[in-house]
Every structure is written in C-alpha cells, then in structure tokens.
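Since the structure is predicted, the reported quantities are computational estimates derived from the model, not experimental observations. Residue numbers begin at 1 in each chain, while the letters A, B, ... track the order of the sequences.
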Amino acid sequence: IQLTQSPSLLSASVGDRVTLSCKGSQNINNYLAWYQQKLGEAPKLLIYKTNSLQTGIPSRFSGSGSGTDYTLTISSLHSEDLATYYCYQYNNGNTFGAGTKLELK
Amino acid sequence: EVKLVESGGGLVQPGRSLKLSCAASGFSFNDYWMGWVRQAPGKGLEWIGEINQDSSTINYTPSLKDKFTISRDNAQNTLYLQMSKLGSEDTAIYYCARGYNLAYWGQGTLVTVSS
C-alpha cells in the first residue's frame with residue numbers, strides 16, 4: 001500500500017489549526033499511525049489506530065479518517081510542534097508516507 | 001521505563017555483511033512484536049520488517065527480503081538485524097521499535113557503507 005502525504009511542506013503560525021493529510025492506495029482499515037520526528041531525534045508515536053492518542057501526547061493532537069483517507073490535526077500549533085510528521089500503515093505490507101515538514105511561517 | 005538501545009553500526013565496505021543488535025529493557029520483551037526501520041541521510045522513514053513474539057512470523061518489505069534477516073533472543077531481550085551484500089543505498093540510521101504500531105523507538109545506530 002502506497003501512502004501519499006500532503007502537503008510536503010506546511011508553513012503555519014503559533015496558534016494555527018493545522019491539518020495534515022495521508023491517503024492510501026488501498027483501504028487501510030484504520031491501521032494508521034502518525035509519528036513526529038524532530039531534527040536529530042528518533043520518531044515519536046503520536047496517534048495509533050487512526051484516532052487513539054499515545055500516552056503522554058498532548059490532547060491538541062488528534063487523528064481521524066477511514067478507508068483510504070486519514071488526517072492528523074493539531075488544534076493550536078505550539079512552537080515545539082515544528083517537526084516532520086509521518087503517517088504509517090500497518091494493515092498490509094507496512095509502509096510510511098514521505099512526510100510533511102511543518103515550519104514556522 | 002521502556003528502553004531500546006541499538007548497537008553494531010559503523011563503517012562497512014560494499015558487499016560485506018553486518019549484524020545489528022537492539023537491547024530491550026523496561027518491559028516484557030517476549031510479549032511484543034518488534035520491528036526495524038531505517039532512514040537514509042536527509043530522507044524519510046523506510047520500514048524494514050517485523051518479528052512476532054515467538055519468531056514464528058517474520059515479515060519484510062519486499063525489496064529487502066533477500067538481503068536482511070530479522071531474529072530475536074527472548075532470553076537475552078535482544079532483537080537482531082543481519083544485513084548482507086550491503087551497498088551504498090543501505091547507508092542509513094537503523095532504528096528498532098516495539099510493537100506492530102512502533103510505539104517506542106531506540107535512538108538508532110548509523111551504518112555507513114563505503115570503501
């Protein structure tokens with residue numbers, strides 16, 4: 001299953017509501033996770049099974065979607081959220097999306 | 001505290017083999033699927049493969065299936081990645097991660113393939 005993330009680069013301001021998209025080439029059956037990776041660090045799991053918030057992750061992060069279309073939303077952007085975000089499907093032949101880099105406008 | 005520590009990376013010549021290790025602590029290792037992911041310099045994440053709790057199921061991304069072998073030793077709480085016929089395209093940071101949803105990650109070990 002191929003995953004297409006959009007946009008590849010997103011410029012936003014602190015306080016903005018931010019939406020990242022991930023589209024699969026086939027049905028993912030909600031086995032979709034989101035990771036945040038800051039420069040020089042390992043990825044960190046934010047959301048699993050489409051909309052389950054990983055322990056310790058702030059509630060401003062949320063996930064939604066079904067079928068082939070999934071979304072990560074940050075309700076109010078904090079400066080520490082600047083990072084690259086990857087979606088990952090573990091339904092069939094696990095794959096990552098190419099990432100969305102989130103930068104400050 | 002869940003801790004994953006990769007080791008075994010370094011500089012290796014093209015065509016050679018290398019075995020990476022991932023030492024796990026802070027959780028019951030034999031209760032979890034484990035996986036490997038890599039990231040080439042400046043690039044995105046690539047899933048390598050995963051292994052279930054008793055090693056009866058091992059899945060790989062198709063392009064690496066004939067080059068890489070994943071194994072585990074539950075008595076030693078250690079995950080392994082055996083890599084063979086290495087090429088420059090295998091230069092990357094290699095991460096191990098816990099669970100089929102990759103909930104926890106190590107800090108990675110850098111493998112550089114160069115003559």
Chi angles and distances behind the side-chain contact (heavy atoms from CB on, under 4.5 Å) call for A:Y35, B:V37: CA-CA 13 Å; A:Y35 302 84; B:V37 176; over 6 Å; no
Chi angles and distances behind the side-chain contact (heavy atoms from CB on, under 4.5 Å) call for A:K44, B:Y104: CA-CA 7 Å; A:K44 179 195 296 184; B:Y104 294 91; over 6 Å; no
Test side-chain hydrogen bond (donor to acceptor under 3.5 Å, both in side chains) applied to A:E41 and B:Q107, step by step: CA-CA 7 Å; A:E41 297 183 7; B:Q107 281 306 298; over 6 Å; no
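The shortest heavy-atom contact between A:F96 and B:L45 is CB-O, 3.5 Å. Shortest non-hydrogen contact noted between A:A42 and B:G106 is CB-O, 3.2 Å. The two residues A:Y86 and B:Q39 make their nearest non-hydrogen contact at OH-NE2, 3.5 Å.
A:L53 and A:L77 fall within a single hydrophobic cluster, where Ile, Leu, Val, Met, Phe, Trp and Tyr are joined by side-chain heavy atoms under 4.5 Å apart, directly or via other members. Residues A:L20 and A:I47 are members of one and the same hydrophobic cluster, defined by side-chain heavy-atom contacts under 4.5 angstrom among Ile, Leu, Val, Met, Phe, Trp and Tyr. Under a hydrophobic-cluster definition in which Ile, Leu, Val, Met, Phe, Trp and Tyr are linked whenever side-chain heavy atoms come within less than 4.5 Å, directly or via other members, A:I57 and A:Y85 are assigned to the same cluster. When hydrophobic clusters are built by joining Ile, Leu, Val, Met, Phe, Trp and Tyr residues whose side-chain heavy atoms come closer than 4.5 Å, directly or via intermediates, A:Y70 is grouped together with A:L10. Under the 4.5 Å side-chain heavy-atom criterion for Ile, Leu, Val, Met, Phe, Trp and Tyr, B:F29 and B:I58 are members of the same hydrophobic cluster.
Residue B:E46 touches chain A through its backbone alone, counting heavy-atom pairs closer than 4.5 Å. Heavy atoms of A:Y31 lying under 4.5 Å from chain B are absent altogether. For B:N101, the parts lying near chain A are the backbone and the side chain together; criterion is any non-hydrogen pair under 4.5 Å. In this structure, the portion of B:Y95 lying under 4.5 Å from any heavy atom of chain A is its side chain and not its backbone. Interface remark: B:Y60 contributes no atoms to any contact with chain A (heavy atom separation under 4.5 Å).
Aromatic pair B:W47/A:Y90: centroids not less than 6.0 angstrom apart.
The most heavy-atom pairs under 4.5 Å with chain A, out of B:G49, B:G108, B:G44, come from B:G44.
Residue A:K38 places its NZ atom among more than 12 non-hydrogen atoms of other residues, nucleotides or ligands, all under 6.0 Å distant. Within a 6.0 Å radius of NZ in B:K67, other residues, nucleotides and ligands contribute more than 12 heavy atoms. In this structure, B:Q82 places its CD atom where more than 12 heavy-atom neighbours from other residues, nucleotides or ligands lie under 6.0 Å away. Annotation: A:R60, atom CZ; neighbour count of heavy atoms from other residues, nucleotides and ligands within 6.0 Å is above 12.
We find the OH-CG distance between B:Y100 and A:N94 to be 11.5 Å, quoted to the nearest 0.5 Å.
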